[in-house]
Student: 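Please read through the structure below; I'll follow up with questions.
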Amino acid sequence: MAHRLLSGMMNYSDASISASTIAPFLSLEGVRKTYPGVVALDGFSMDVRPGEVIGLVGENGAGKSTLMKILGGVTTPDTGTVIVDGVAHDGLTVEASIGSGIAFVHQELNLFENLDVAANIFFGREPWRAGPLKLVDRARLRALSAPLLKRVGANFSADTPVSALSLAQQQMVEIAKALSIEARLVILDEPTSSLPLAETDKLLDVIRALKAEGISVIFISHRLHEVERVADRVVVLRDGMLAGTLPKNAINHDQMVKLMIGRLLKEREKAAESARPPGTVALSAKAIRTSAYPDRPVDLGVRHGEILGLAGLVGSGRTELARVLFGIEKALGGALQLDGTDLVLGSAADAVANGIFLVPEDRKLTGILLDLSIAQNISLPNLPAHARRFLVSASAEAVTAEKQKRNLGIKAPSVATRTGTLSGGNQQKVVLAKWLAMHPKVMILDEPTRGIDIGAKAEIYGLMRALADAGVAVLMISSDMEEVIGVSDRIAVMHEGQISGILDKEQFSQENVLLLAVGKQPK
Amino acid sequence: RAQDKPTLAFVVNGASDFWKAAEAGVKKAQAELPDYDLQLKYPEQSSVAIQQRLMDDLVTAGVKAIMVSAVDPKTSTDGLNKIASETALFTTDSDAPQTKRVAYIGSSNIDAGKQAAEIAKKAMPDGGKCLGFVGLLGADNAKERIEGMKEGLAGTKIELIDVRGDDIDQARAKKNVEDALVASPDVTCMVGFYSYNTPRIYEALRDAGKLGQITVVGFDDDPITLGGVKEGTVAATVVQQPFEWAYQGMKLMAAYLKGDKSGVPADGLIIVPTKIIGKDDVDAYAANLKTMAGK
Amino acid sequence: MSKKDLGLLILILVVGAVVAIINPRFLLPINLANTSNLIGLFGILAIGQAFVIITGGIELSVGSVVALLGVLFVDFIATRGMAWPVALPLILVLGGLIGLAHGWLITRLKLQPFVVTLCGLLIYRGVARFYTADGTAGFAFGQNFPELEFLTAGRSYGVPNSFIALIVIAIVTWVVLHRSVFGRYLYAIGKNEEAAKYSGIRTGRVVIAAYVICGVLTALSAIYFAMYTRSISPASHGQFYELYAIAAAVLGGFSLRGGEGSLIGVILGTVLLQELQNLVNLLGIPSSLNFAVMGGVILIGVLVDQQWGVFRERRLMLGAARKGAAGAAAE
Amino acid sequence: MSKKDLGLLILILVVGAVVAIINPRFLLPINLANTSNLIGLFGILAIGQAFVIITGGIELSVGSVVALLGVLFVDFIATRGMAWPVALPLILVLGGLIGLAHGWLITRLKLQPFVVTLCGLLIYRGVARFYTADGTAGFAFGQNFPELEFLTAGRSYGVPNSFIALIVIAIVTWVVLHRSVFGRYLYAIGKNEEAAKYSGIRTGRVVIAAYVICGVLTALSAIYFAMYTRSISPASHGQFYELYAIAAAVLGGFSLRGGEGSLIGVILGTVLLQELQNLVNLLGIPSSLNFAVMGGVILIGVLVDQQWGVFRERRLMLGAARKGAAGAAAE
Ligand SMILES: Nc1ncnc2c1ncn2[C@@H]1O[C@H](COP(=O)(O)OP(=O)(O)OP(=O)(O)O)[C@@H](O)[C@H]1O
Ligand SMILES: Nc1ncnc2c1ncn2[C@@H]1O[C@H](COP(=O)(O)OP(=O)(O)OP(=O)(O)O)[C@@H](O)[C@H]1O
Ligand SMILES: [Mg+2]
Ligand SMILES: [Mg+2]
């Protein structure tokens, strides 16, 4: 427990001293981690100094999450050392990591649906009353949770069951949890991937506040502008190796991209302009009511050949609408029409049969089957087409999958690789690939670039545009303002379960989207 | 309803065809005892706890007298005494002499085992090796029958070399016979100690084409067993008379409740002897069974 | 008390009222005492099972453990002359060790709970039968243990002491499950073991502790059962008791996926099951239908609970919709 | 054949060799035929169970269904004089309907498979016992059905026809499980039902189909069992057969979490279990140890398999690390 002693002696309150002169809180030396067929990290080294905000960027599968998992004690490196407060470890355990003051928001959420928010925030560190049974001090638990929730800008109370929260709200709970630890280093692995603008701003403020308290932060994001705004130093990973470090004054978008992918992107992550005038309405919702907002009917139509962006604040009901349009959930009322004819969806299978596809927001749970191979995931929705007389043809599956792997640039040893071993971004590409291999009429994408790197984002935007140009109606739900404005042909904005307005191209502005999102009229 | 007539219950030790004859006996007694409500109760499992509970509930429901075939009479003394203190308790099938039961009516399993030995001795004057099959090796009736048979065979050239249990799983009962034919080719006689064991022996032998080559000694009166006896492929079977237990038992209880204790002998034992049914008696026995069942 | 538990309680009372009307002897103190005695015995089993089910596990060996430990207990005090104040804790420790072994196999060697405890079901019964050579373990005539018998099969003010034991155990375990840090970990592990591990919880230890608690409670109830029947034929004693315990937990709102259920629920589930058995006997329903009645009621209970949940959700939504519509009209 | 299946096969052969050395009569054609007959009966049950387990479900009512349908079949043809070519398909349809009911309750009313089939276990046995008023259903002496008996209990060239039926069923179901679209859906649902639904699979129908298949196969094996024992006491017939079926599947590498397991595995699992039962009899081991032997072998089998998996994974990882290091050095 030597590092415990050292940490007691360290005085890291004077963050004013130039960062480079302070001994690092933590450093990694020559860390290497391999998985069968993959080298995730290849002799990587870096330091983290007290009170420093490090932006960690890199393409999907570059090894960012692996690196953080090593710091969190969830995995151990094959070789290399982790040095905390001058004490070298071959690998940390979860307990050692938490004991050293490392707080970790995992890329994939880790909450307990059957407990309430407060219990989740202090899970594993419950305040308890003295006694043999260690009874939880519930009053104190609630009292301690409330300010944390306020700090992350949550609009729900500490005794809400987590099962009632949307994905974004759950992410806020995760962040509050990290803040609750008397942490010296907070690791945020893509905390903003499903957070809309206002909440993202709050988070960036929180990061700045942490820094002011002398707490270090490692911030992983594929939204480079966020990194630009908050990082003191940017570390770029490429193929498990250090591609470069950018000091505060050298942090800019193009530099980061160049280090990440080895070249400059010609066009920034933006879709090309529409090549054709929008066609007739493909899928339309008439007075559809969903269980999230049973009293709020939604009217919306997506046209052939357009990308309709759907913006809104957390919990505005977009995901719920998408689930109804895809037949997963029954509408409480209203009607759907596809190309002018009435459409009744009893299940997702009906939607798929009608050419309506959904890329869901929670890929781990609903997007893909982690235990199946890439090829099996891609063929799953269209299996009869890959079969002869009821018997699945593995070669037909491989052909389809190879084609998609090439087109989307899925990074994997082969199409027979288990999707569970892919990085988050590559998993997302597999979800897309399975629908692209079929012929969509309407493509609904719920946060399609959640956790996707900048290069792949550009590719996905290109794909969406190509789909639209081929006459597909694309409905893109997104909480990323730049994306919504950069990609859409029209933007519909949801506010508390209703469409508060639809913007045409000439009305596009961040301000207008935000005004509609809070229920006001645009300028 | 049930309350206006005193109820007498006959509680068996588990669901088995064996008790169908007792049901007929209860029925016949009921016809002669219109002032009583007679019931025959099966516990849903052959276990002490469940039978005990069944009797507790019967007492609660106001039953005036119970005749029970206790699952495990030797060690259930206290439980049976508790019932005996609340109602008139009789035992049947296997006795619990240490309890405060009024009387026992039934046969002696030891004697039944000895009769089985008689059958074997008669069928195999030159001696031989016997293998037994039974449902529950640990049950009292099984142990007593085996013991009786061993006693009866003592000093002869016939030997009961092993008894295989099957936990009342009929598929296993049959497989045990099949396996025995393989494992012990020198066996010349097989004994089915429970009512279903003899038919399983019969069928396994038939499938193996060994009917008639191996002496079969049976217990009870399963139709297949009786058929085998008639055919000559089963040497003979030892039958108990549950019909009589139930019929006589019910009448005894009714009389006892009226205050007439003359039917209870001093030692409290009313033995209805077991009988050997051989080829010559089988037709008459089967006919009698039929009339008893009222078919 | 949750809505779910309340529903179950109402069901129990309604069934009781109907039975009492048909046969008023149902309410005789002696009948209530007999039934609550069995509620005590099965309730202790069911609470043990609940601890395991909460973690998403299952303990199928309960019935066989009741047989094995019952045989050992009776053998120790009746045949080997061990003093019962020695034998009793010894049996509890043995129960704990069985739980420890199961928990160890499940958490350290990563075997599935169903598999481990299924093997336990087979092995312990086999060992029990072998131990007595398929005979019966029981007390000799006149062998008495007054204090032990008072504690296990006796009554205080007409209430069976086994039932009192259940109440005490239920209160303690309620606090543990619903108010303590350990209980919270159990629920969390049941829902998402991976996440609990990431939070630095030694999930292995917590799960092992759950199996040990189950083992100890099962051992305790094995002693109660042994003193109730006073005779144990290891081939059949305790058979299917795991199903009773699981059924009680499920009726009480536990999910076999883990992370759900309340202690009050499991007790009420036990009460309902015993009430049903009592009813079959009291109303003169053929005992062959006993199982069918039990199965039917569990199914209906679970179904009603499930459909009631759906119905309430829908009504809530409709209510909201109407309110919303009214609000909109007023604007 | 997977590594797992191969390991099981080797285990079967080794146990067989040891038994044959101790008692050479083990290899007598008649013994092999007797044992393969039971392998046939239990194998059909286990395959049915496998279909359900693949989806992450479980079917606990198997034993009771074997009793109920067996009673009905014997009653139909022996007592009611129904022609067996009518009764046989009727029973299969009844089995299918039971499966349909279970599947419907599970998928449409969202009840847990464990709960639904546990209730089935209780209800069907109760109904069977009630149907015969706790008596035995059996054939009268000399009642014969030559064709039916040939098909169910007869032999062709010394091989029991039940075993041949198993082989045919195994081949068909192997293709269905491992090569067909339906089979892929089953695995996908077992791995992640939600994601399968989001891929446009009608998961409800697929799961129902799995339960129906299980029901029909169980019905078929109920007929085989009825013709084997020729007499059915509904209180005990088929008791615990669900455990045999589940144990066979688990031994054969099925995970009760769903989505894992191969058909060859479940057949080998059945073979091993029957070999063990045969061994107990042939080696003269006390019958009371039958269960204990079975439990012990399953536990050891699963343990070895598990530890072997861990070992192989570790070796693979080390291999990868070493290769990686060598590659790095070469650069
Ligand atoms: N458990 C595992 N088994 C096998 N391979 C793995 C495993 N976890 C990660 N990998 C591989 O290691 C590499 C690095 O993955 P990692 O998750 O660290 O990427 P990342 O930089 O976080 O990407 P993203 O931005 O997409 O989240 C990837 O190629 C991935 O496929
Ligand atoms: N399973 C659920 N149970 C209860 N409430 C839910 C559930 N899922 C969503 N909600 C609630 O429904 C509302 C709409 O959620 P939805 O996920 O559709 O919003 P969204 O606009 O997609 O927001 P997000 O950006 O969070 O995905 C939210 O208030 C959310 O809390
Ligand atoms: Mg990542
Ligand atoms: Mg959403």
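In what follows, every heavy atom counts, from backbone to side chain, and hydrogens, waters and symmetry copies are set aside. So you know, we letter chains A, B, ... as the sequences are listed, proteins then strands, and number each from 1.
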Student: If I take atom CG from residue B:D207 and atom CD1 from residue D:I30, how far apart are they, to the nearest 0.5 angstrom?
Tutor: 8.5 Å
Student: Under the salt bridge (charged side-chain N to carboxylate O under 4.0 Å, His left out) test, which residues partner D:R25, sequence neighbours left out?
Tutor: none
Student: As an exercise: rank B:G14, B:G165, B:A171 by heavy-atom pairs under 4.5 Å with chain D and give me the winner.
Tutor: B:A171
Student: I'd like to check D:Y241 versus B:D169 (side-chain heavy atoms, cut-off strictly below 4.5 Å). Are they in contact?
Tutor: yes
Student: Find the distance between CZ (D:R230) and OH (B:Y202) and round it off to the nearest 0.5 Å.
Tutor: 9.0 Å
Student: Would you mind checking which part of D:F139 comes under 4.5 Å of any heavy atom in chain B, side chain (CB onward), backbone (N, CA, C, O), both or neither?
Tutor: backbone
Student: Considering non-hydrogen atoms only, spot the tightest contact between B:E178 and D:Y228 and give its length.
Tutor: OE1-OH, 3.1 Å
Student: Which atoms of B:F18 come close to chain D, meaning under 4.5 Å heavy atom to heavy atom: side chain ones, backbone ones, both, or neither?
Tutor: neither
Student: With a 4.5 angstrom heavy-atom cut-off, could you sort out which part of D:I285 is near chain B: side chain, backbone, both or neither?
Tutor: backbone
Student: Which atoms of D:F225 are under 4.5 Å from chain B, going by heavy atoms: the side chain, the backbone, both sets, or neither?
Tutor: side chain
Student: Indicate yes or no: at least one non-hydrogen side-chain atom of B:R172 is less than 4.5 angstrom from one of D:N290.
Tutor: yes
Student: Is D:R129 close to chain B through its backbone or its side chain, or both, or neither, when contacts mean heavy atoms under 4.5 Å?
Tutor: side chain
Student: State whether a side-chain donor-acceptor pair under 3.5 Å links D:N34 with B:D179.
Tutor: no
Student: Out of B:L137, B:N176, B:V163, B:D166, return the one with the most heavy atom pairs under 4.5 angstrom to chain D.
Tutor: B:N176
Student: Side chain, backbone, both or neither: which part of D:T132 has an atom under 4.5 Å from a heavy atom of chain B?
Tutor: backbone
Student: What is the distance from atom CD of B:E203 to atom OG of D:S231, rounded to the nearest 0.5 Å?
Tutor: 7.5 Å
Student: Could you look at D:L282 and say if it's the side chain, the backbone, both or neither that has a heavy atom under 4.5 Å from chain B?
Tutor: both
Student: By a 4.5 Å heavy-atom criterion (distance strictly below it), what part of B:P185 contacts chain D: side chain, backbone, both, or neither?
Tutor: both
Student: With side chains defined as the heavy atoms from C-beta onward, is the minimum distance between D:N278 and B:K175 less than 4.5 Å?
Tutor: yes
Student: How close do D:G135 and B:K20 get, counting heavy atoms only, and between which atoms?
Tutor: CA-CE, 3.4 Å
Student: Side chain from CB out, backbone as N, CA, C, O: work out which of these in B:R200 comes under 4.5 Å of a heavy atom of chain D, or both, or neither.
Tutor: side chain
Student: Counting only non-hydrogen atoms closer than 4.5 Å, does D:A133 touch chain B with its backbone (N, CA, C, O), its side chain (CB onward), both, or neither?
Tutor: both
Student: Are D:V280 and B:R164 close enough, and set up right, to give a side-chain contact (heavy atoms from CB on, under 4.5 Å), and what steps lead you there?
Tutor: CA-CA 11 Å; D:V280 168; B:R164 310 295 301 175; 4.0 Å; yes
Student: At a heavy-atom separation under 4.5 Å, does B:L226 approach chain D through its side chain, its backbone, both, or neither?
Tutor: neither
Student: Just so I know, are the side chains of B:K230 and D:F141 near enough to count as touching, which here means a heavy-atom distance under 4.5 Å?
Tutor: no
